[in-house]
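Presented below is the structure to which this report refers.
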2 protein chains.
Amino acid sequence: MTEPNPDLLPEGLEDRLPREAAATTRVMRAIQDVMHGHGYDRVLPPMIEFERSLAARMDGINQRRMFRFVDPASLRMMGLRSDHTPQIGRIAGTRLAGAARPLRLCYAGQVLTIKGDALDPARERLQCGAELIGADNVAAASEVVAIAIEALQAAGAQGVSVDFTLPDLVDTLAAKAFPLAADQIEAVRRELDTKDAGGLVDAGGAAYVPLLYATGDFDAAIAKLAAIDAGGALASRIAALRAIAAALGGAARLTLDPSERHGFEYQSWLGFTLYADGVRGALGRGGTYRIAGSGAREQGGEVATGFSLYPDALIGLVAGEEAAPDCVFLPLGHDRDVAARLRSIGWRTVAALSEADTAEALGCSHVLEGDEPVKR
Amino acid sequence: MTEPNPDLLPEGLEDRLPREAAATTRVMRAIQDVMHGHGYDRVLPPMIEFERSLAARMDGINQRRMFRFVDPASLRMMGLRSDHTPQIGRIAGTRLAGAARPLRLCYAGQVLTIKGDALDPARERLQCGAELIGADNVAAASEVVAIAIEALQAAGAQGVSVDFTLPDLVDTLAAKAFPLAADQIEAVRRELDTKDAGGLVDAGGAAYVPLLYATGDFDAAIAKLAAIDAGGALASRIAALRAIAAALGGAARLTLDPSERHGFEYQSWLGFTLYADGVRGALGRGGTYRIAGSGAREQGGEVATGFSLYPDALIGLVAGEEAAPDCVFLPLGHDRDVAARLRSIGWRTVAALSEADTAEALGCSHVLEGDEPVKR
């Protein structure tokens, strides 16, 4: 076997160089500042923990995507986190089990997976998000969606849109309005996923066909959903969606895809996906759910509402637009107090270390002359 | 084997809960803002990379402290980073090999080791620092030490002190002033480490005994060092140390321990350790060095000067002093525009989600009444 080139990084792993790293810092701070402003307290779980602890709370999340290794100290398997939400659930259910509810927590950091996905080969991604623990009502959902939108906008996203879904829609209709045999439910779900009206009818789900048309622009789609005569089975869901949309008050473009379930395997009554102009694929998703695993306050786990953002694509976009910041070159023998004063009012400074250093070579826009930065 | 409790974290790994996480965010931002202000560009290397890439640049750093595992994609060994500096060296020597020198880079993030140390059992620590690549002169050292001090002070450290050392002191003296046989050099170093005058004499290093007394308060110690008649072999080092101390202009308490080498295995002519009041052990260290591994510009590696801070102990200290921030409770039906305006001027808000929510239960210091936050 030839020696690998020590200069190469493994597939799917990258260095962020200054321009992208600056955009990363700015975007992550902007998102965190919005969550903080709405009363969400950051928690910082470790990058690694026992695989079982992560897996016990990864209901619906693919554990096989985690990097795993033996801990030389405990000889147990550890996992490198691939998602923050099981860790937040663990914290809420253990050390913060006694904290008042609703409990607002947020997080920001890296997650790693052994494989990227079709849209994105990256194996290390940034993830940040907020979890509202102990509440999953309309007010909770309205708050969480609004914060997700505001966070993306604060980070520089343009044309944010939110696509709502009702993850338990088929279960609700099958139980209350359009009965299905147990073995038909999965078939109906599958045909809804592929948007195949003929297939739906063949699967015994003719009553579900109108759902295929209740998609797209929110106002039109919710009207179509409301027109489906399901004997009132959907009334509370429709009222809830309308209340959330009204609370958002035009902050983002809204769409509805009521039977979409991809990525919402562990959500309860509400799910949503976040998009922005110029960004391929989703920037994040969220919804209502129950916290899996031990430490839950109620049978089936404590209720919660939250979102996760994956801002890397947005960072790539805003990094390209970012102008290099102004920067003052400090010649040899400059007045250090003047330089400190400039930094204290927001200037960046770059000091000469020898006669060879010049403002031009070091990319400085200004040069300190006496007490003042002068444009080159 | 009994199943481990999924609520437990492995030894040496911890969650940071809201108070400590808030202090972490504040400290890390303050340190980064100082480095940024002085023209250091952040780079973000990945958490994991090929073990060989990290090891190739870990001259003097213990590779066996890294968590290692097989990458399922490449089937090669990967390592979880235990130190940022080899990664910064790699970036400087590869993708930024063509960037102008001196090149100012900085970093901030987690590092993990399979074992903690005697002073600190933590296996995950925060590390941040700055590297000035392509310069190791007095001006470079003065800048780097000054920024390290300023960063710690901005993060809330009180009574910062800097302990200087001359890592190649014995080599310099042995080559130029007080000759030692090859097999004596290590013995002399060892006796200097243990501060054992008798042992030094026995090891054939009688001429080195005065070094044991040239320690402590900087001005007194440097005078003692200067009094050692080494035929001028130390003159340039002494002049350099005095120039750095003068440039710092009283920003921190300075001490000298010229033969200290623990932790400076890969430094060249200068090393320094950073301390602060109330913090057990060092908060960081730095010095001049040559970047190991490939991609170096000159034979033996490109010169550089830098520091690394490990701010966890400082975070623990300032977290204890931190007051809970003011926070406004927003009753049901509050004016959203008023709440947004309050957040825009720095208030934190916590919105009621049901009649059950109260300002008291949610720990809010204020309640929104009409347009104004009113103290509870």
Side-chain angles (χ1 to χ4, degrees), chain A residues 4 6-7 9-11 13-18 21-22 24-25 36-39 41-50 52-53 56 67 69 71-74 76 78 90-91 94-95 100 102 110 112 114-115 124 135 137 139-140 143 293-295 327 343 348-351 353-354 361-362, chain B residues 4 6-7 9-11 13-18 21-22 24-25 36-39 41-50 52-53 56 67 69 71-74 76 78 90-91 94-95 100 102 110 112 114-115 124 135 137 139-140 143 293-295 327 343 348-351 353-354 361-362:
Chain A
D7 291 347
L9 286 175
E11 178 194 327
L13 294 166
E14 280 191 359
D15 296 315
R16 293 171 199 249
L17 298 188
T24 300
T25 303
H36 177 84
H38 286 272
D41 284 328
R42 187 179 185 185
V43 288
L44 281 161
M47 281 300 306
I48 58 176
E49 56 177 283
F50 290 131
R52 277 181 193 280
S53 308
F67 279 104
F69 47 90
D71 175 15
S74 63
R76 293 195 188 281
M78 305 245 260
R90 175 176 54 68
I91 291 171
T94 57
R95 289 180 65 195
Q110 298 106 309
L112 290 105
I114 60 176
K115 269 184 79 140
E124 180 177 53
N137 62 3
E143 172 170 311
S294 65
C327 183
R343 283 189 297 270
R348 268 192 114 182
T349 63
V350 173
L353 301 175
S354 77
L362 296 175
Chain B
D7 292 346
L9 286 174
E11 178 194 326
L13 294 167
E14 280 191 359
D15 296 315
R16 291 170 201 250
L17 297 188
T24 301
T25 303
H36 176 85
H38 285 272
D41 285 328
R42 187 178 184 186
V43 289
L44 281 161
M47 281 300 305
I48 56 176
E49 57 176 284
F50 290 130
R52 276 181 193 280
S53 308
F67 280 104
F69 46 91
D71 175 15
S74 64
R76 292 195 188 282
M78 305 246 259
R90 176 176 52 68
I91 291 171
T94 56
R95 289 180 66 195
Q110 299 107 308
L112 290 105
I114 60 175
K115 268 185 79 139
E124 180 176 53
N137 62 5
E143 172 171 312
S294 64
C327 183
R343 284 189 297 270
R348 271 192 111 182
T349 63
V350 173
L353 301 176
S354 76
L362 296 175

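Chain letters run A, B, ... following the sequence lines, proteins first, then strands; residues in each count from 1. Remember, it's a predicted structure, so these values are computed and weren't measured experimentally.
Both the backbone and the side chain of A:Ala73 come within contact range of chain B, judged by heavy atoms closer than 4.5 Å. Residue contact with chain A, scored on non-hydrogen atoms closer than 4.5 Å, involves the side chain of B:Leu112 exclusively. If you measure heavy-atom distances from A:Leu9 to chain B, the contacts under 4.5 Å come from both the backbone and the side chain. Heavy atoms closer than 4.5 Å to chain A are found in the side chain of B:Ala135, but not in its backbone.
The two residues A:Ala361 and B:Ala100 have their closest heavy-atom pair at O-CB, 3.2 Å. Across B:Val350 and A:Gly39, no two heavy atoms sit closer than the pair CG2-CA, 3.9 Å. Across every non-hydrogen atom of B:Pro10 and A:Asp71, the tightest pair is CB-OD2, 4.3 Å. The two residues B:Phe67 and A:Pro72 come nearest to each other via the heavy atoms CE2-CD, 3.9 Å. Shown here for B:Ala21 and A:Val43, the closest heavy-atom pair between the two residues is CB-CA, 3.9 Å. A pairwise comparison of heavy atoms in B:Pro45 and A:Asp15 identifies CA-OD1, 3.4 Å as the closest pair.
Relative orientation of the A:Phe69 and B:Phe69 rings is parallel, given thresholds of 30° and 60° on the angle between their planes.
Two residues are said to be in side-chain contact when any heavy atoms from C-beta on lie closer than 4.5 Å; A:Thr24 and B:Arg42 fail this criterion. Residues B:Pro46 and A:Glu14 have side chains not in contact (no heavy-atom distance under 4.5 Å, counting atoms from C-beta outward). Residues B:His36 and A:Thr25 have side chains not in contact (no heavy-atom distance under 4.5 Å, counting atoms from C-beta outward). In this structure, the side chains of B:Asp41 and A:Arg348 come closer than 4.5 Å at one or more pairs of heavy atoms.
Note that CG of B:Leu17 and CZ of A:Arg95 are 4.0 Å apart. Values are rounded to the nearest 0.5 Å. Note that CD1 of B:Ile48 and CD of A:Gln110 are 10.5 Å apart. Values are rounded to the nearest 0.5 Å.
Contact count versus chain A (heavy atoms, under 4.5 Å) is highest, among B:Met78, B:Lys115, B:Glu11, for B:Met78. Considering only heavy-atom pairs separated by less than 4.5 Å from chain B, the leading option among A:Gly37, A:Ala139, A:Ala22 is A:Gly37. Here B:Ala351 is the residue among B:Ala140, B:Ser74, B:Ala351 with the most heavy-atom pairs under 4.5 Å with chain A.
At least one donor-acceptor pair under 3.5 Å links the side chain of A:Glu124 to the backbone N or O of B:Met47.
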